[in-house]
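To start, the structure itself, in structure tokens.
Whatever order the structure lists them in is the order used to number ligands and atoms, beginning at 1.
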Amino acid sequence: MFTNVIRRCFVPCLIRRSLSIVSNNSTVSSSPIRICVIGSGPAGFYLTQNLLKLSQTIPTTIDIIEKAPVPFGLVRYGVAPDHPEVKNVINTFTKIAEHERVRFIGNIHIGKTIGLKELQEFYHIIVLAYGSSVERNLHIPGETTLENVFSAKDFVGWYNGVPDNAQLRPQLNHTDQAIIIGMGNVALDCARMLLSSIDDLAKTDITDIALDTLRQSRIRHVILVARRGPMQVSFTIKELRELTKLNGVQSMLNKEDFNQIDQIMIDKLERPRKRLTELMLKTARTKQSQNNAERFWYLKFWRRPKQLNGKTLVESVDFEHTESVANGDFSDPNLSVQPNGTIETIPCGLVIKSIGYYGVQIDPWLPFDTERGIIRNRQYRIDDRPGFYCTGWIGRGARGVIAETTTESHTVAKRIMEDVEQGHLTNLHDVKSGGDGLIALAKSRQIRCISYEDWKKLDAHETNLGHTKGKPREKILNIQKMLELTAS
Ligand code: FAD
Ligand code: NAP
């Protein structure tokens, strides 16, 4: 009832405002709805694209605010260098960033250099799309004290040129065995980087530093370890297939690990899980005959890490063997496990913990679920904070591929524009200055904002540098240098 009253008064008013703006042809002097999206990963860009589509008749501007001096989030800093086709989404993102109603504002760290609540002075609507930037931990002895133990987040950041990870310096030349804990797609990415031929990697946008270190690598055996069974792995078929097809690399799956899985069980699975399980089975059953194999990868199931051992560098990991709780169904994705008392020590000289990411609360005022690492929200509306929304990993947790972000962004944009049109947002009559106000505030704090045009200068520099080396790009690893290049 109340909603309907507001709707009756507000929508015509909004449309009148929009008409007057259109007829005066002066969107600058009137006050459009100012939206800001925090985070320039896939979630931020696809949401902006959908907001543009749905706000064609309502004067609206959208600013994408990014803490890094460069856009694209995990598309630049997560997606593996040997997956260039995935990075093609950057072409779409560029069109979005260059739209007349969109402005990219980089090098603004919300919650650090500019407060979240300060944004309310400049924007009517604030969408949080800042992803999940922190790694999960095992909380076991040796994890933080021993050398050559890395989170996948840092290892990925190292080979992908994240400035904070430039000094990681993994030692790959003193050991021939690496353990990766976890069996998700990030674990497979890390395994592929350790096992791929240098000639193949040299043609990608992997950093020169990582390439040189991998060139010296003596690692021949990569063991991926999961605490549950083969039917609970979280990697997907395309990524598994890539690993089975690497040149000079042999899959060492153990067919006994699949004894408990029969055809009846497989036939009941949903198609993606069915095909994945069949590929694992086929790989395990096919006698490997890569005579020229120089490197090997293994899947070890039902093992939970208990302790990392070593003096300075990691030398081995103790695993507790696990089994399903109360005769659980082996195909149950939620299967629970418990330790059975057996301890196994697996030697290694490198450990990568690939057990997932989670999000952080960038402002104490933001309702946050610390357990799950997500902003508390009801269907993308942030609890008790009208005008605030979330999308992408920070709203749903660190899972899902870029395509899922695309699908979700339709719904989020629709929800926001419904709230606009149905009068749920009471501040829309206020005049807000949007990016102009934000940039002025940043300037007063000696923060240099990076525009999309600025980024394109750095982009050109990186691609030119890469081309001289036969690579698509050589990323700049130093923030100061990045800022200089965007200014030149
Ligand atoms: P992000 O991509 O993380 O974007 C969040 C953005 O917010 C970042 O740019 C960040 O710098 C910015 N930000 C964070 N905090 C702040 C702040 N306080 N102020 C301002 N800005 C901030 N999916 C695929 O489909 N194919 C793949 O090959 C693939 N490979 C992947 C590899 C790895 C290692 C990982 C971790 C994921 C991969 N994914 C892949 C999944 C894909 O990257 C995610 O689905 C997607 O990036 C999530 O989008 P997002 O926008 O929510 O988060
Ligand atoms: P993930 O898919 O959630 O995998 C995490 C792995 O860590 C699981 O095997 C999990 O096992 C294990 N794990 C979690 N906590 C553990 C603990 N305490 N001890 C031992 N093992 C633990 O996460 P991710 O690999 O980081 O990937 C994140 C998302 O990005 C996924 O949706 C992924 O598909 C996507 N991604 C996609 C691509 C691609 O498309 N090419 C590439 C990279 C990433 P349990 O199941 O037992 O918890």
Region of V186 engaging ligand 1 - heavy atom pairs below 4.0 Å: side chain

Ligand 1 atoms in contact with G73 (distance to a heavy atom under 4.0 Å): 2 (O), 4 (O), 8 (C), 9 (O)

Per-atom contacts, ligand 1 versus Y357 - under 4.0 Å to a heavy atom: 34 (C), 36 (C)

Distance from atom 40 (C) of ligand 1 to nearest protein heavy atom, with residue and atom: V79 CG2, 4.4 Å

Proximal atoms of ligand 1 relative to G392 (non-hydrogen, under 4.0 Å): 52 (O)

Nearest-neighbour protein heavy atom for atom 21 (N) of ligand 1, which is reported as residue plus atom name and distance: K67 N, 3.1 Å

Test of proximity, L74 against ligand 1: N or O pairs below 3.5 Å: yes

Atoms in ligand 1 flagged as close to G39, the criterion being non-hydrogen separation under 4.0 Å: 6 (C), 7 (O), 12 (C)

Closest to atom 33 (C) of ligand 1 (judged by heavy-atom distance), picking from G78, A187, A129: G78

Salt bridge present between D82 and R192 (N-O < 4.0 angstrom): yes

Donor on one side chain, acceptor on other, N254 and Y298, under 3.5 Å: no

Residue pair S331 / R273, side-chain donor-acceptor N/O under 3.5 Å: no

Any N/O pair A68/ligand 1 closer than 3.5 Å: no

From the candidates L128, I114, V86, the one that places a heavy atom nearest atom 26 (N) of ligand 1: V86

Distance-only donor-acceptor check, side chains E408 and T411, under 3.5 Å: no

Minimum side-chain heavy-atom gap Q307-I140 below 4.5 Å: no

Close N or O approach (T391, ligand 1; < 3.5 Å): no

Side chain, backbone, both or neither: the part of I38 lying under 4.0 Å from ligand 1 by heavy atom: side chain

Side chains of N377 and D383, donor plus acceptor under 3.5 Å: no

Could you check ligand 2 for N or O atoms lying under 3.5 Å from protein N or O atoms and list the pairs with distances?
| unit_1 | atom_1 | unit_2 | atom_2 | d |
| --- | --- | --- | --- | --- |
| ligand 2 | 2 (O) | S234 | OG | 2.9 |
| ligand 2 | 4 (O) | S234 | OG | 3.0 |
| ligand 2 | 7 (O) | S354 | O | 3.4 |
| ligand 2 | 9 (O) | M183 | N | 2.9 |
| ligand 2 | 15 (N) | R227 | NH2 | 3.3 |
| ligand 2 | 18 (N) | R227 | NH1 | 3.4 |
| ligand 2 | 25 (O) | N185 | N | 3.4 |
| ligand 2 | 25 (O) | V186 | N | 3.1 |
| ligand 2 | 32 (O) | G400 | N | 2.6 |
| ligand 2 | 34 (O) | N185 | ND2 | 3.0 |
| ligand 2 | 41 (N) | E239 | OE2 | 2.8 |
| ligand 2 | 46 (O) | R228 | NH2 | 2.8 |
| ligand 2 | 47 (O) | R227 | NE | 3.0 |
| ligand 2 | 47 (O) | R228 | NE | 2.8 |
| ligand 2 | 48 (O) | R227 | NH2 | 2.7 |

Ligand 1 contacted by I394 (non-hydrogen, < 4.0 Å): no

Subset of ligand 1 atoms that lie under 4.0 Å from at least one heavy atom of D189: 32 (C)

Side-chain donor-acceptor pair present, R169, Q167, cut-off under 3.5 Å: yes

Atoms in ligand 1 flagged as close to I108, the criterion being non-hydrogen separation under 4.0 Å: 19 (N), 20 (C)

Numbering as shown, the atoms of ligand 1 that approach G400 to under 4.0 Å (heavy-atom distance): 41 (C), 44 (C), 45 (O)

Min heavy-atom dist P42 to ligand 1 below 4.0 Å: yes

Short N-O contact, E98 and R103, less than 4.0 angstrom: no

G41 neighbourhood, listing ligand 1 atoms whose heavy-atom distance to it stays under 4.0 Å: 2 (O), 4 (O), 6 (C), 51 (O)

Distance-only donor-acceptor check, side chains N340 and T322, under 3.5 Å: no

Contact partition for V156 relative to ligand 1, non-hydrogen atoms under 4.0 Å: side chain

I114, L119, I108, D436 screened by side-chain contact (heavy atoms from CB on, under 4.5 Å) with L441, the one that passes: I114

S133 to ligand 1, any heavy atom closer than 4.0 Å: no

